[in-house]
Amino acid sequence: NNRSFFTNCQFVTDHAFRGLDNGRAAILFGVNGIPFKGCTFDDTRPEATDQQWRKDHGRTGIYSLWSAFAVNELCSGPQSFPPPPTCEGQESVFENMQYGIRALGELNPARFAITVENSTFNCHNGIYLSDQSSLKVVGNDLTVNGRTGTDLDDWPYGIYLDNSHNYTVENNELFGDNPTYPSAYAAGIVAYNQPDGNTDIYKNSLDGIFVGLEALGQNKSLPNDPLAKGLQFQCNDINNGPVDMVVLEAPGATSPVVGIATNQGTPGSTATLAGNRFGNGNPQSFLNLYNAGEHFNYHHHDPATEPRVR
């Protein structure tokens, strides 16, 4: 465990670096357990508020390779044990970045996991985590900046989980920045290739984003697996966007099987049903669920008591 830490630090870009656009405020390479508490990562240059410029030239707040770190709020005074989900302290903030956090690394259970909690993001891409195990993204606020125009090969997103496993992604609030429909394209939470475990994306709120939840590629075990493992979307609240949930093959990729867990929720008890609430009744919404992968069973609550459950 590295002894270094960052507390109440300001990483501010207010002028261009000579010959360098896409720089990084903090770079971690092969280190463990670096905490960032109550830190701010901000690009205050006027051009950084432009969506296209930020996509092409913006900076990255935290860039890590083969590393583990923790981003959280800064608390004051003694804290109880175990600590509560939040102390209502000074949040870490990521503003006007191309990536708030971009973490790449080999899966290694011996490493500490990456955690991102109680932080605020307003970036082209909020959090990108690739080849990570047991990561935790909980209790964050993310503004997802939708793009307009015809060059839509790189949609912005709030959280992107790339080939990562056994994660906890819950109680995050994601907001679209542009209520204009349907010109602002973006995705809220994206999961790409999580084939070998039971994992939930649980109890997140997504409001005003073109695609709320997106599963790409293989997010389930192969058909001959008797345990039928896979990704479940549970108890998420998706509203005020055109498309709530999609399951697709990843563009340009070929997976052995495309889809999410065969059972979304478990019948028999209201506590184990899928529990997602869709954008029913909202004029922005035209598609609750689109599945281009393998068949799955969706077990939901009674729509007579809550019409948004299907």
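Fair warning: this is a prediction, and the values are worked out from it, not measured in the lab.
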Are any non-hydrogen side-chain atoms of Thr49 and Arg45 less than 4.5 angstrom apart?
-> no

Evaluate the criterion disulfide bond (SG atoms under 2.5 Å apart) for residue pair Cys75 and Cys87; output intermediate values, then yes/no.
-> CA-CA 6 Å; Cys75 301; Cys87 66; 2.0 Å; yes

Apply side-chain contact (heavy atoms from CB on, under 4.5 Å) to Thr168 and Leu135, showing your working.
-> CA-CA 6 Å; Thr168 300; Leu135 64 90; over 6 Å; no

Indicate whether any N or O donor in one side chain lies under 3.5 Å from an N or O acceptor in the other, for Asp244 and Tyr290.
-> no

Side chain Gln90, main chain Gly38, donor-acceptor under 3.5 Å | yes

Considering non-hydrogen atoms only, spot the tightest contact between Phe296 and Ala261 and give its length.
-> CB-O, 3.4 Å

Could Asp237 and Arg308 be called an ion pair, given the rule that one side-chain N must be under 4.0 Å from one carboxylate O?
-> yes

Quick one: CH2 on Trp53 to NE2 on His124, what's the gap to the nearest 0.5 Å?
-> 12.5 Å

Ser80 and Pro84 have their tightest heavy-atom pair at OG-CD, 3.6 Å

Is there a side-chain hydrogen bond (donor to acceptor under 3.5 Å, both in side chains) between Thr60 and Arg24 once you walk through the steps?
-> CA-CA 5 Å; Thr60 296; Arg24 292 97 179 235; 5.0 Å; no

Check whether the side chains of Asn276 and Asn236 place a donor and an acceptor atom closer than 3.5 Å, and report yes or no.
-> yes

Step-by-step side-chain hydrogen bond (donor to acceptor under 3.5 Å, both in side chains) determination, Asn122 to Glu95 | CA-CA 5 Å; Asn122 181 18; Glu95 188 79 20; 2.9 Å; yes

Looking just at side-chain N and O atoms, do Asn145 and Gln51 make a donor-acceptor pair shorter than 3.5 Å?
-> no

Kindly indicate whether a cation-pi arrangement holds for Arg102 with Tyr128, taking the cut-offs as under 6.0 Å to the six-membered ring centre and within 45° of the axis.
-> yes

Over 60° means perpendicular and under 30° means parallel, so classify the ring planes of Phe94 and Phe121, tilted if in between.
-> parallel

Under the side-chain contact (heavy atoms from CB on, under 4.5 Å) criterion, do Asn263 and His299 qualify, and how do the steps go?
-> CA-CA 7 Å; Asn263 285 295; His299 306 285; 3.0 Å; yes

Is it true that a side-chain atom of Asp42 and a backbone atom of Thr40 form a donor plus acceptor pair closer than 3.5 Å?
-> no

Are Leu74 and Val93 in one and the same hydrophobic cluster, where Ile, Leu, Val, Met, Phe, Trp and Tyr link if side-chain heavy atoms are under 4.5 Å apart?
-> no

How far does OG1 of Thr7 sit from NZ of Lys37, to the nearest 0.5 angstrom?
-> 6.5 Å

Just checking, any donor-acceptor pair under 3.5 angstrom between side chains of Tyr160 and Asn125?
-> no

Does any non-hydrogen side-chain atom of Asn297 lie less than 4.5 Å from one of Thr262?
-> yes

Given the options Asn118, Ile101, Ile34, Val71 meets side chain to side chain contact (heavy atoms under 4.5 Å, CB included) only with Ile101

Is the closest side-chain donor-acceptor distance between Thr86 and Glu73 under 3.5 Å?
-> yes

Given the rule in the side-chain hydrogen bond (donor to acceptor under 3.5 Å, both in side chains) test, do Arg54 and Asn96 qualify, once you have shown the distances and angles that lead to the verdict?
-> CA-CA 7 Å; Arg54 192 163 52 209; Asn96 290 334; 2.9 Å; yes

Would you call the rings of Phe36 and Phe6 parallel, tilted or perpendicular if under 30° counts as parallel and over 60° as perpendicular?
-> parallel

Say whether, by atom type as modelled, one donor and one acceptor occur between the side chain of Ser119 and the main chain of Asn140 under 3.5 angstrom.
-> no

Exercise: do Asn2 and Asn32 side chains pair donor with acceptor under 3.5 Å = no

Going from OG on Ser92 to CD1 on Ile62, what distance comes out if it is rounded to the nearest 0.5 angstrom?
-> 7.5 Å

Value rounded to 0.5 Å, distance of OG in Ser64 from CZ in Phe69 = 4.5 Å

Hey, are Glu117 and Lys136 close enough for a salt bridge, meaning a charged N less than 4.0 Å from a carboxylate O?
-> yes

Rounded to the nearest 0.5 Å, the CG atom of Leu174 sits from the CD1 atom of Ile238 at a distance of 11.0 Å

CE of Met245 to CG of Leu206, rounded to nearest 0.5 Å, is 9.5 Å

Verify same cluster id: Val138, Val169 (apolar side-chain graph, 4.5 Å) = no

From CA spacing to verdict: side-chain hydrogen bond (donor to acceptor under 3.5 Å, both in side chains), Glu173, Ser205 = CA-CA 5 Å; Glu173 296 188 4; Ser205 173; 5.6 Å; no

For Asn204 and Asn172, test the side chains for any donor-to-acceptor distance below 3.5 angstrom and give the result as yes or no.
-> yes

